[in-house]
Structures are given as structure tokens and as C-alpha cells.
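The structure under discussion appears below in the form of C-alpha cells.
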Amino acid sequence: GAVVSQHPSRVICKSGTSVKIECRSLDFQATTMFWYRQFPKQSLMLMATSNEGSKATYEQGVEKDKFLINHASLTLSTLTVTSAHPEDSSFYICSASDVLQGFETQYFGPGTRLLVL
Amino acid sequence: DQQVKQNSPSLSVQEGRISILNCDYTNSMFDYFLWYKKYPAEGPTFLISISSIKDKNEDGRFTVFLNKSAKHLSLHIVPSQPGDSAVYFCAASANSGNTPLVFGKGTRLSVIA
């Protein structure tokens with residue numbers, strides 16, 4: 001199946017700093033990428049939909065000024081957590097859509113564990 | 001309001017037997033359904049999918065069944081192996097997959113040797 005990478009896999013930062021997470025589709029081009037976060041023992045929560053060359057669409061309750069998303073190319077989307085606080089500590093996962101038998105199928109990256117001290 | 005429900009938070013199955021994971025949905029606009037497998041601290045891995053025009057899709061040990069009238073789908077794993085132990089998420093999408101996925105809360109499968 002399609003391969004999606006994320007970098008870094010884990011990051012520890014001080015409160016107030018900004019953290020950038022990269023999501024890349026390695027063997028396909030993705031016009032649409034998605035960003036999720038997952039809290040312990042919970043399901044994935046969609047944060048935003050990232051479209052190449054246009055502004056991201058944020059889900060209700062997700063602060064667009066705090067979680068900056070840039071989708072500059074067909075293979076790269078970035079999520080920047082600005083002025084991170086301890087409550088932003090979470091597992092962030094991206095996905096990218098590729099066409100499988102005529103259907104848009106999401107393939108996920110390995111995730112990024114963020115810990116804000 | 002949960003549009004995709006996995007009512008069993010956990011399931012234990014003996015190695016070699018069949019594992020059946022269930023999923024129900026409420027939104028009749030969903031036309032594409034996917035199953036993902038997830039280990040802790042890793043991203044979900046795509047397993048198998050089915051479109052609403054089919055009622056069954058098979059890939060190796062994995063088979064997904066869709067009952068549109070009941071708004072129910074299930075994932076069958078046979079024979080179950082210890083390496084199948086993970087959390088399984090059911091997900092649904094509308095418009096041939098062009099809308100964001102809606103996930104269930106997951107079912108933790110434990111395959112006992």
C-alpha cells in the first residue's frame with residue numbers, strides 16, 4: 001500500500017515554544033492530507049483537512065492560529081503547534097489520500113508523540 | 001452523536017479461531033468503509049475496505065461483510081494469529097471516500113496462543 005512518513009516521531013519541548021511536524025507521501029501524490037490527534041485510549045480526532053495550494057479546513061473547536069497547517073506541495077504537509085502548552089501533549093497522526101479501486105483511501109503516517117513540559 | 005459505533009471495546013480469541021469485529025453506522029450517506037489496525041504509539045495501518053455496492057470483500061485472512069439494510073459491517077479474521085492482537089478501527093466515508101473519515105472508538109483484539 002501507499003507509504004506516508006512523519007517526522008519527527010517524538011518531540012519534547014518547553015511550554016511556549018513552537019513545534020513543526022512534517023507529513024510526506026512517499027510514493028504517491030496527495031492533493032488532500034488530514035491531521036488527527038489521539039488522546040490515550042481514545043479514537044482519532046480529526047483536526048483539519050489540508051488541501052494542496054489552499055487553506056486548510058479546520059474542525060470545530062480546533063484553533064487555526066494555534067495549529068498552523070501548510071500544504072505546499074503534493075507530497076508534503078506540515079503542522080506547526082504554536083506556543084505549545086502541556087495540554088497540547090498528544091499523539092498527532094497525519095494521513096494522505098490515494099485512490100484504491102476508484103475510492104479515495106487514507107493511508108496513515110506513523111504518528112508523532114508530542115510532550116510539552 | 002456517534003455515526004460509527006464499535007460496541008465491543010475488547011475481544012479475546014484463541015489462536016487459530018475466527019475473530020469477528022463488528023461495526024454499526026447511522027449515516028446513510030456513507031458509501032465507503034474501511035478497517036484499520038493500530039498498535040500503541042503507531043499510526044493506523046490500512047487493512048481492507050468495501051464500497052457500498054458490494055456486500056463482501058476478501059483479502060487473504062481478512063474478509064469484510066457489509067449489510068447495508070442493517071447499516072452493519074464486520075471484519076472476519078481467520079485463522080487468528082497472535083500478531084493480530086491490536087486495536088481495530090472501523091471508519092466510514094461518504095462521496096466515494098472524498099469526505100473525511102469518521103472513526104469508531106475501536107475494538108482491542110487479543111489473540112491468545
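Just so you know, these numbers use all the heavy atoms, side chains as well, and skip hydrogens, waters and symmetry mates. Just so we're on the same page: letters track the sequence lines, and every chain starts at 1.
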I'd like to verify something: which residue of [options] has the highest number of heavy-atom pairs under 4.5 Å with chain B?
options: L44(A), V4(A), L46(A); result: L44(A)
options: T32(A), T49(A), L100(A); result: L100(A)
options: G111(A), G109(A), P110(A); result: P110(A)

Minimum heavy-atom separation for A41(B) and F91(A), please, with both atom names. C-CZ, 3.3 Å

Using every non-hydrogen atom in the two residues, find where S43(A) and G104(B) come nearest and quote the distance to one decimal. OG-O, 2.7 Å

For residues [X] and [Y]: do they belong to one hydrophobic cluster (side chain heavy atoms under 4.5 Å, members Ile, Leu, Val, Met, Phe, Trp, Tyr)?
X: V111(B); Y: L75(B); answer: yes
X: V64(B); Y: I20(B); answer: no
X: V102(B); Y: Y88(B); answer: yes
X: F67(A); Y: I93(A); answer: no
X: L47(B); Y: L21(B); answer: yes

Counting heavy atoms not belonging to [X], are there more than 12 under 6.0 Å from its [atom1]?
X: K66(A); atom1: NZ; answer: yes
X: R61(B); atom1: CZ; answer: yes
X: H72(B); atom1: NE2; answer: yes
X: Q14(B); atom1: CD; answer: no

Whatever's closer than 4.5 Å to a heavy atom in chain A on Y36(B) counts as side chain

Okay, L34(B) and chain A: the region with an atom under 4.5 Å from a heavy atom over there is side chain

Let me confirm one number: the CD1-OG1 distance from I48(B) to T105(A), rounded to the nearest 0.5 Å. 11.5 Å

Interatomic distance, CG@L101(B) vs CZ@F108(A), rounded to 0.5 Å, equals 5.5 Å

Before giving the answer on side chain to side chain contact (heavy atoms under 4.5 Å, CB included), spell out for F46(B) and D98(A) the whole-Å C-alpha distance, their side-chain angles and the decisive distance to 0.1 Å. CA-CA 12 Å; F46(B) 170 73; D98(A) 195 13; over 6 Å; no

Where on Q38(A) is there a heavy atom nearer than 4.5 Å to chain B: the side chain, the backbone, both, or neither? side chain

Under 4.5 Å, counting heavy-atom pairs only, tell me which of G43(B), G106(B), P44(B) racks up the most with chain A. P44(B)

If you tally heavy-atom pairs under 4.5 Å against chain A, which of Q6(B), K38(B), R108(B) wins? K38(B)

